[in-house]
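Please read the structure below before turning to the comments.
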Amino acid sequence: MAVSTIQIGILGCAEIARKVSRAIPLSQTATLYAVGSRSIEKAQKFAADNGFPATAKVYGSYEEVLDDPNVDAVYVPLPTSLHIKWAVLAAQKKKHLLLEKPVGLNIEEVDVILAACEANGVQFMDGTMWMHHPRTAKMREFLSDAKQFGELKSVHTCFTFTADQNFLENDIRVKPDLDGLGALGDVGWYCIRGILWAADYELPKSVIALRNPVFNKAGVIISCGASLLWEDGKVGTFHCSFLTNLTMDLTAVGTKGTLHLHDFIVPFEEKKASFISAVESGFKELATGWEPKPSEHTVTTDIPQEALMVREFCKLVGSIKNEGAKPEKKWPTLSRKTSLVLDAVKTSIEKGFEAVEIVS
């Protein structure tokens, strides 16, 4: 391929890192060059279990990965509370940064991380994989078609899964000192990004958290929701939870059309994904059915969305490395907008479900 191979180091051995380790060689643009853990034994086991080449470097610290001059970029799936330290240090070491979401515990941390990347000329991208599936671009075409979809009026997202007792007691996503944003930062991030995506990334004017969020004993959110309000009357709502059956719904409603999908974050199948569009829907006589019926559209891909994410990231890194290009600002911009809304939802919960204005 025309894109040069980028050498990637991984900081930490989180479960999600297994998925990205598989994606890196599938992308055909990157090499699993190094992995670092606080335990050399853990790093060795991770490399052996996840298809790292025999030539890969295995380190017993995160610093050693960042100090390796042959590492072009790092993937960082560490707990959110550690992002501010290691993401900033990676940027200072001139390593391009693929960072798991949520980017930081609050917008202040996010801004520090993004500023470090900009100051050091490194590419930033968060790990929101569904953004890179070709279905996402196809759905954008439908939403942008004024004749078929019209003007967006409302968008609704839901991402939930039933966590087992071990998860609810021991997973880092329920620990206040590791991932204090809980379900809001984990599954809520995707819901918010989905709403912003449908709204073409126009930030809402304000956010109001829905009442009755659920907290664990440590005070971490394990279920919540919110409504987003725009100046022009658009509305968005979402629900996210660790307590209910696996659901990944997105519905966008326009003046002429509707978009539905039920697997917007992880497609039901790896190499094909569908969405449903309805245009100028109405009833048959006596309201005995719909006319016209919604239609299903299927989009195929040769490699999974996480590999497409790595490919896009490496294309941008390669342009900087080999052609002197500037980092693409789209990805940090989308991360910051998502973080702003997430921050506002958390603030609204803390303030007793008051409306919180978004100040960009």
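- A salt bridge links Arg173 to Asp186: one of the charged nitrogens lies within less than 4.0 Å of a carboxylate oxygen.
- Using a distance-only test at 3.5 Å, with no hydrogens or angles considered, a donor-acceptor pair links the side chain of Thr338 to the main chain of Leu334.
- Thr29 and Ser27 share a donor-acceptor pair across their side chains, judged by distance under 3.5 Å alone.
- Applying the side-chain hydrogen bond (donor to acceptor under 3.5 Å, both in side chains) test to pairs two or more places apart or on separate chains, those with a residue in residues 105-115 are Asp111-Arg336.
- Side-chain N or O atoms of Asp179 include none that pairs as donor or acceptor with a backbone N or O of Gly182 at under 3.5 Å.
- Side chain to side chain, Thr5 and Thr31 fail the donor-acceptor criterion of an N or O pair below 3.5 Å.
- Note on Lys147 versus Asp145: no salt bridge recorded, every NZ/NE/NH1/NH2 to OD/OE distance being 4.0 Å or above.
- Of the N and O atoms on the side chains of Asp126 and Ser335, at least one donor lies less than 3.5 Å from an acceptor on the other residue.
- In terms of modelled atom types and a separation under 3.5 Å, the side chain of Thr157 and the main chain of Cys191 share a donor-acceptor contact.
- Counted by atom type alone, Asp249 and Thr247 present zero donor-acceptor pairs between their side chains at under 3.5 Å.
- Taking the six-membered ring for Trp and the full ring otherwise, the centers of Tyr62 and Trp86 sit less than 6.0 Å from each other.
- Side-chain contact, His260 with Thr258: no donor N or O sits under 3.5 Å from an acceptor N or O.
- A salt bridge between Glu350 and Lys346 is present, with a side-chain N of the basic residue lying under 4.0 Å from a carboxylate O of the acidic one.
- Of the possible donor and acceptor atoms, one in the side chain of Ser81 sits under 3.5 Å from a partner among the backbone N and O of Asp177.
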Step-by-step side-chain contact (heavy atoms from CB on, under 4.5 Å) determination, Leu229 to Lys205: CA-CA 6 Å; Leu229 311 170; Lys205 181 177 185 291; 5.7 Å; no
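- Taking the six-membered ring for Trp, His133 and Trp197 have ring centres at least 6.0 Å apart.
- A donor-acceptor pair under 3.5 Å links the side-chain atoms of Thr333 to the main chain of Lys329, judged by distance alone.
- A search for salt bridge (Lys or Arg N to Asp or Glu O under 4.0 Å) contacts involving Glu285 returns nothing, not counting sequence neighbours.
- His96 contributes a side-chain N or O that, together with a main-chain N or O of Gln123, makes up a donor-acceptor pair within less than 3.5 Å.
- With hydrogens and angles disregarded, a donor-acceptor distance shorter than 3.5 Å links the side chain of Asp72 to the backbone of Gln7.
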Step-by-step ring pair (Phe, Tyr, Trp, His ring centres under 6.0 Å) determination, Phe124 to Phe313: CA-CA 8 Å; Phe124 175 89; Phe313 176 67; 9.0 Å; no
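- Taking the six-membered ring where the residue is Trp, the centroids of Phe242 and Phe159 are separated by 6.0 Å or more.
- Using a 3.5 Å distance cut-off with no hydrogens or angles, the side chains of Thr160 and Ser241 do not pair a donor with an acceptor.
- Under the 3.5 Å distance criterion, with hydrogens and angles disregarded, no donor-acceptor pair is assigned to the side chains of Ser227 and Thr237.
- Between the side chain of Lys271 and the backbone N or O of Asp302, at least one donor-acceptor pair lies under 3.5 Å.
- Glu354 and Ser348 share no side-chain donor-acceptor pair at under 3.5 Å.
- The shortest heavy-atom contact between Ala17 and Tyr75 is CA-CE2, 3.8 Å.
- Within 6.0 Å of the CG atom in Asp200, the count of heavy atoms belonging to other residues, nucleotides or ligands exceeds 12.
- The ring of Tyr190 has its center no closer than 6.0 angstrom to the ring center of Trp130.
- Side chain of His83 to main chain of Leu78: a donor-acceptor pair is present (N/O by atom type, distance under 3.5 Å, no hydrogens or angles).
- Of the possible donor and acceptor atoms, none in the side chain of Lys217 sits under 3.5 Å from a partner among the backbone N and O of Glu169.
- Note on Glu202 versus Lys234: salt bridge recorded, some NZ/NE/NH1/NH2 to OD/OE distance being below 4.0 Å.
- With respect to the salt-bridge test (charged N to carboxylate O, under 4.0 angstrom), the residues Glu151 and Lys256 do not qualify.
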